[in-house]
Amino acid sequence: KGTTISFQLPLLLDTDQQQMIPADKPGNAKLPKESKKTLNGTHILIAEDNEINMEISEFFLTDLGATVEKVWNGQDALTKFQQSEPGTYDAILMDIMMPVMDGLEATRCIRMLNRPDAKKIPIIAMTAQTATDSIVTCRAAGMNAHICKPATKEQLGKTLFNLLEKDQIQRDTLYRIQNNKNPCTTCLFYCILYAGNFTFTIYIRKRPYFCTCKLIRIDIRRQFVFRI
């Protein structure tokens, strides 16, 4: 069923944090009403063969501030991404069942491209299939998240906010590590995982921790590296 690797990372308890940080409650998909988060400045590629679903996704995303480009099958999504400059798109919304090439195959092909953003761009599955097997299949293909259709504005916003925010946190953390002359073991391990595009989750029962050089702060149930 795969390889199991055990390791130990030195961590420091965050003594400034007086209370435990509660884990997110399952099913909490709605954005707070007072939230002022937007997708201003983001460029999203949508691959969807249904005109109504495309129109709904485009309306919600533009209402949140994003600009979108539309394609109607997986092959066109792959071609559009291949022909774009690295960093052109901030995320891809990918329908699963499409003609010519389905979303799973398109995602696999994108992940195999030899370009810096191919393995790191967030790809979100858009599908009416909600079974666990479907979610696992999407993850195995290289997708980062799964949204059930018909998607709501809250679902799209929350998913994209989380993925893009985590990506920014990851880039900021990597920058701080690279500019540290004496990174600790945990920081070096972070860089190795980032370069290899691995993901793992640290579960902490008490208060948040820092790495020993205090560049990385690890919260309860926080993913240490966010990209697959």
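All values reported here derive from a predicted model rather than from experimental measurement. Each residue takes its place number in the sequence, starting with 1.
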Quick one: does Thr159's side chain get under 4.5 Å of Ile124's, heavy atoms only?
yes
Applying ring pair (Phe, Tyr, Trp, His ring centres under 6.0 Å) to Tyr89 and not counting sequence neighbours gives His43
Worksheet entry | Check: Trp72 and Glu51 side chains under 4.5 Å, non-hydrogen atoms | yes
- Short question: side chain of Asn162, backbone of Lys158 - any donor-acceptor pair under 3.5 Å? yes
Q: Check whether any side-chain heavy atom of Asp95 sits under 4.5 Å from a side-chain heavy atom of Asn50, and report yes or no.
A: no
| Mind checking whether Val136 and Ile123 sit in one hydrophobic cluster, side chains of I, L, V, M, F, W, Y counted as touching below 4.5 Å? | no
Within-4.5 Å side-chain heavy-atom neighbours: Thr107 and Met112: no
Quiz item: Do Ile135 and Met94 share a hydrophobic cluster (ILVMFWY, side-chain heavy atoms under 4.5 Å, transitive)?
Solution: no
Nearest heavy-atom contact between Gly65 and Asn40 is CA-OD1, 3.2 Å
_Do Phe161 and Phe59 sit in one hydrophobic cluster, given that two such residues count as connected whenever their side-chain heavy atoms are within less than 4.5 Å of each other, even indirectly?_
yes
Paired with Met54, the side chain to side chain contact (heavy atoms under 4.5 Å, CB included) test is passed by just one of Asp49, Leu93, Val68, Ile46, namely Ile46
Smallest heavy-atom separation, Leu156 atom then Ala151 atom, equals CG-CB, 4.1 Å
In short, Leu164 meets Pro122 closest at the heavy-atom pair CD2-CG, 4.3 Å
Result for side chain to side chain donor-acceptor pair (under 3.5 Å) between Lys149 and one of Gln155, Glu48, Gln129 points to Glu48
Side chain proximity check, Gln82 to Leu113, heavy atoms < 4.5 angstrom:
yes
*Are Ile52 and Met126 connected in the hydrophobic side-chain network, where two residues link if heavy atoms are under 4.5 Å apart?*
yes
dist Arg108:CZ -> Met143:CE (nearest 0.5 Å) comes out at 8.5 Å
Exercise. For Thr79 and Gln83, what are the C-alpha separation, side-chain angles and deciding distance, and is it a side-chain hydrogen bond (donor to acceptor under 3.5 Å, both in side chains)?
Worked result: CA-CA 6 Å; Thr79 301; Gln83 294 177 349; 5.7 Å; no
Is it the case that the side chain of Arg111 and the backbone of Ala141 share a donor-acceptor pair, with hydrogens and angles ignored and the cut-off at 3.5 Å? no
Rounded to the nearest 0.5 angstrom, the CG-SG distance for Leu104 and Cys138 is 5.5 Å
Donor on one side chain, acceptor on other, Thr62 and Glu58, under 3.5 Å: no
* Is the shortest heavy-atom distance from the side chain of Asp117 to the side chain of Phe81 under 4.5 Å? -> yes
Are Thr127 and Cys148 close enough that some pair of their side-chain heavy atoms sits under 4.5 Å apart? no
Minimal heavy-atom distance between His146 and Ser134, with the atoms involved, is NE2-OG, 3.8 Å
Shortest non-hydrogen pair, Leu45 vs Ala77, comes out as CD2-O, 3.9 Å
Paired with Leu160, the side chain to side chain contact (heavy atoms under 4.5 Å, CB included) test is passed by just one of Leu64, Leu61, Thr42, namely Leu61
dist Asp90:CG -> Thr67:OG1 (nearest 0.5 Å) comes out at 8.0 Å
Determine whether Met101 and Met97 fall in the same hydrophobic cluster, where Ile, Leu, Val, Met, Phe, Trp and Tyr are linked whenever their side-chain heavy atoms lie under 4.5 Å apart. yes
So do Asp76 and Asn73 actually touch side chain to side chain, heavy atoms under 4.5 Å?
yes
